[in-house]
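Take a look at the structure set out below.
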Amino acid sequence: MKLLKFGGTSLADAEKFLYVSDIIEKNKNHEQVAIVLSAPAKITNYLVNIVENDININQVLEQTELAENIFINIIKNIKKIQSCFLYEETKEIIKKEFNQLRKIIYNFTSLKKYPEHIQSIIMSRGEILSIEIMKNILISRSHLVDIIDPVKNIIAKGSFLNSTVDIQKSKKCISKINIKNNHIILMAGFIAGNEKGELVILGRNGSDYSAAILACCLNANLCEIWTDVDGVFTSDPKKIFNTCLLKSISYEEAIELSYFGAKVLHPRTIKPLKDFNIPCIIKNTFNIKSKGTLICKKNNYDVNTLKGITNLDDIVMFAIPSNLTQQNDNLISIILNLFKKENINIILITQSSKNNFNFCISEKDTRKALLLLNKLYQLESKDKSFSDINIIKNLSILSIVGSNIFQKYNITSKIFSSLGKSKINILGIAQRSSTHSMSVVIKRKNVLQSIQTIHDELFHNKQIINAFLIGIGGVGKSLIAQILKQKNFLKNKNIEIKIRAIANSKKILFLNDSIELKNWKKYFKASKEKFNLEILNKLLKNNYFVNSIVIDCTSDEMLSKEYTNFLSKGFHVVTSNKKANTSSLKYYNEIRATTLQENKKFLYETNVGAGLPVIQTLQNLFYTGDNLICFKGVLSGSLSFIFGKLEENVLLSDATKKAKDLGFTEPNPYDDLSGIDVARKLLILAREVGYEIELEDIEIEPILPEYFKKYKNTEEFLYKLKEIDSTFSEKVKKARNLGKVLRFVGTIEQGGKCSVKIEAINSNHPLYKVKNGENALTFYTNYYQPIPLVLRGYGAGNNVTASGVFSDLLRTIL
Ligand code: ADP
Ligand code: ASP
Ligand code: MG
């Protein structure tokens, strides 16, 4: 005999009922089957709505009608698909059941709340009707059916709403029923009867438990739980990404997973199956080909493996301070016994300082627990204040489950480091004596993010970078394109970059997992979310993930002033914006201090020489003991181009215009020719090698006479430039006669004196050949002399800059 249980998700509509009846028929061809059914999806929720609130007759009747309509719709549609279905008979039963329900409801309108025995009757109507519908589907297909009444045969004790079954007594009852071999056995899940023959229920999700009990009572060789997922996964597949299906788990692991919240199984389901050594398979009604998850005795091949991560939400932690426990040695056992007697489940006792006693219960039991404790303290010690007990609400218990997990894996350190990196506080830690699980208590709002992070780390060894990109000009756009292009390459290296938000100065787009990055432009265009610093700070505060990074691809000064703030919030900062590193030395140092304090990275490789590996190379040299003797470099792509052209006898005004047309210059080329940009880069280099200077300390020998400042209009500026063409041609000629070329050079001398100016460079110098937009940086250091270290290549352009930002991004985790 095989037992098959179908959950509410498998019975949500007419098609699903018929699908389930097909599965039943198929199985019946091989051996006798017993079927346990839940209520169709959502029905129990409507019924719970009726009983859980204070009685409001209109609302109650509304919920009743909603539930009734679902049933009527189901049978109407069954009739449409299977014309022989006993529609009228079933409809009559449904009507009768709901009329009776209304009668009960009217009988209790004078009360504020329904008594518990009535609540259990109301809540169980869904299961009763599921059985009636399935019975009539099967009968209309000419099957013979026996129905087991759970109230008479599944004997339970405990409260009306959460009873526990006495298997031996139930087995005796069921053995007395005369069941014919060729009959299909049907029983409503969720329901049992107490010693007095009254209807009780087994707690939410209790049909799984009913199925296990009936399997034991009927000596079934297998218990199949059919649901809407392929089996037991390493975490809830509907909430966590990249979960893995578990082929098999031991009874103990299944007990632990369900106890700590894996909703796929009711927590009390597995124990009876384990006691009777009946294997259990979790299967998917909608994917019958999938083999599912086998739950059986521990097999030796599969020891020491991690099985899953679960969560229990709506948890409250009570912290009884040590002064109270010290006063009375027995206090802890008194509390434990009292709670047990009053049916309050202490889910977890957590470790804390020596004599503190912390325990977690479900939030719904808080009031009852408080009343009990209050009473207890009044009895135990009249002078001790009850307010000494600390109650922390809105918590979750996150548990890691597996066999002997502490022997093989450095689980604890991985969990703590993941949560630590995510800035998530652990309020309590507990290890069950079974060694099959360990749990931490955290705030509820953090639970899904924590599970995802720990899951990625423990099961995939995967690193995720969460990027918030500000600035989508040329560099920002190229960066997104490069990230998209590299997706698969990085995936093979277990790295995933998730861009969580994209912003420009006006608006922002939040990307969730339903938005594919490749379509970002379309979504960005459609986004109506405004962007400003306040909104950004709010966003970052509420969206912290491990490895979260703010990328600044703007040239905005205000944004650069926020870096310390971002770092303090736990974000790394990657920037191509030079404003922070060229602002006051005070802010420059503040950023460095914050990165150390927060253990975060501040990366700005593209501030000098775009994608050229300048900053990192310098840092590596200086970390390993080198010192700068002096530096000379061509640090501007536009000036490299213009001075290269002068050498080919092109006039200054023509060369500048050409550079502008090719997109090498700022919108107004004056900004390039003023030399200020080169001075900024030089300042960054000088500070990098340890000179504490400000921008004003850099001597700039201007390329242009002072009066050019006033030509704000680009056309006018380019026109006026002609006035100095001849002076420049003269200078070029003079240099050529000496075998030299003109270059606009930034210099750092020993001692830190910095200057930017036009220099005549002779043919032996590495800067002699640097033109056409190339940059070159020559470092004379203790290690690199007399031949300097030279870094040379394109020092501007969207692609090289974006690739520099991209490699900074990867450096945050590598
Ligand atoms: P049924 O109506 O069949 O009883 P439930 O909704 O009670 O279905 O249980 C199935 C659901 O359990 C799945 O849809 C899934 O979202 C959830 N679930 C939670 N944890 C897990 C897990 N570790 N593996 C599989 N499913 C899980
Ligand atoms: N229908 C009940 C519930 O929703 C029992 C079950 O589905 O297992 O809790
Ligand atoms: Mg269920």
Side-chain angles (χ1 to χ4, degrees), residues 4-13 16 19-20 23 36-49 51-52 67 70 119-120 122-131 150 161-163 187-192 200-213 224-247 249 253-269 281-287 290 292-293 295 306-313 398-402 437 447-448 451 455 459:
L4 291 89
K5 178 257 166 177
F6 295 90
T9 48
S10 305
L11 299 166
D13 55 37
K16 288 178 182 160
Y19 209 65
V20 166
I23 297 175
V36 169
L37 299 183
S38 296
K42 291 195 194 142
I43 288 289
T44 315
N45 290 351
Y46 287 123
L47 300 171
V48 169
N49 288 346
V51 301
E52 273 197 346
I70 292 181
Q119 289 190 28
S120 60
I122 296 175
M123 281 166 68
S124 61
R125 292 309 89 190
E127 272 67 12
I128 300 280
L129 289 174
S130 281
I131 291 294
L161 300 175
N162 198 6
S163 277
M187 186 182 89
F190 193 38
I191 303 171
V200 297
I201 52 177
L202 303 173
R204 286 306 305 266
N205 226 355
S207 306
D208 302 330
Y209 182 33
S210 304
I213 298 292
E224 287 183 351
I225 309 261
W226 291 76
T227 182
D228 64 342
V229 287
D230 279 353
V232 181
F233 285 77
T234 46
S235 204
D236 187 339
K238 297 219 179 121
K239 295 187 180 143
I240 303 298
F241 294 99
N242 303 324
T243 52
C244 318
L245 179 65
L246 297 161
K247 276 194 190 139
I249 51 177
E253 288 161 345
I255 289 172
E256 219 70 2
L257 282 169
S258 58
Y259 180 83
F260 282 117
K263 191 183 152 222
V264 66
L265 280 173
H266 178 280
R268 276 172 288 167
T269 309
I281 299 185
I282 314 294
K283 296 205 71 165
N284 189 347
T285 308
F286 313 109
N287 183 17
S290 163
T293 301
I295 302 169
L306 272 176
K307 290 295 153 60
I309 309 176
T310 57
N311 58 305
L312 276 175
D313 297 333
L398 182 158
S399 305
I400 322 289
V401 176
S437 69
V447 74
L448 284 185
I451 295 182
H455 190 276
F459 289 97

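Sequential numbering from 1 along the given sequence is applied to the chain's residues. Below, all heavy atoms of this structure are taken into account, side chains as well, without hydrogens, waters or symmetry copies. Read the numbers this way: they start at 1 and go in the same order the structure lists the ligands and their atoms.
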Backbone or side-chain N or O of Asp208 under 3.5 Å from ligand 2 N or O: no
Starting from atom 1 (P) of ligand 1, what is the nearest protein heavy atom, named by residue and atom, and what distance separates them? Thr9 OG1, 3.5 Å
Pick, from Lys263, Lys239, Lys238, the option with the minimum heavy-atom distance to atom 14 (O) of ligand 1. Lys238
Going by the atom numbers of ligand 1, which of them fall below 4.0 Å from some non-hydrogen atom of Lys5? 4 (O)
Per-atom filter on ligand 1: closer than 4.0 angstrom to a heavy atom of Asp228 are 10 (C), 13 (C), 14 (O)
Close approach, Glu127 and ligand 2, non-hydrogen under 4.0 angstrom: yes
At a 4.0 Å threshold, what atoms of ligand 1 neighbour a non-hydrogen atom of Val232? 24 (N)
I'd like to know if Gly7 contacts ligand 2, where contact means a heavy-atom distance under 4.0 Å to any ligand atom. no
Closer than 4.0 angstrom, basic N to acidic O: yes or no for Lys283 and Asp230? no
For atom 16 (O) of ligand 1, the option (of Leu257, Asp236, Val264) bearing the nearest heavy atom: Asp236
Under 3.5 Å side-chain donor-acceptor pair for His455 and Thr234: yes
Indicate if the distance from the Mg ion (ligand 3) to the nearest N, O or S atom of Asn205 falls below 2.8 Å. yes
Proximal ligand 1 atoms for Gly231, defined as those under 4.0 Å from one of its heavy atoms: 24 (N), 25 (C)
Give yes or no for whether the N/O distance cutoff of 3.5 Å, strictly under, is met between Pro237 and ligand 1. no
Counting only heavy atoms, tell me which of Leu245, Thr227, Ile240 gets closest to atom 3 (O) of ligand 1. Thr227
For ligand 1, the portion of Ile282 having any non-hydrogen atom under 4.0 Å away: neither
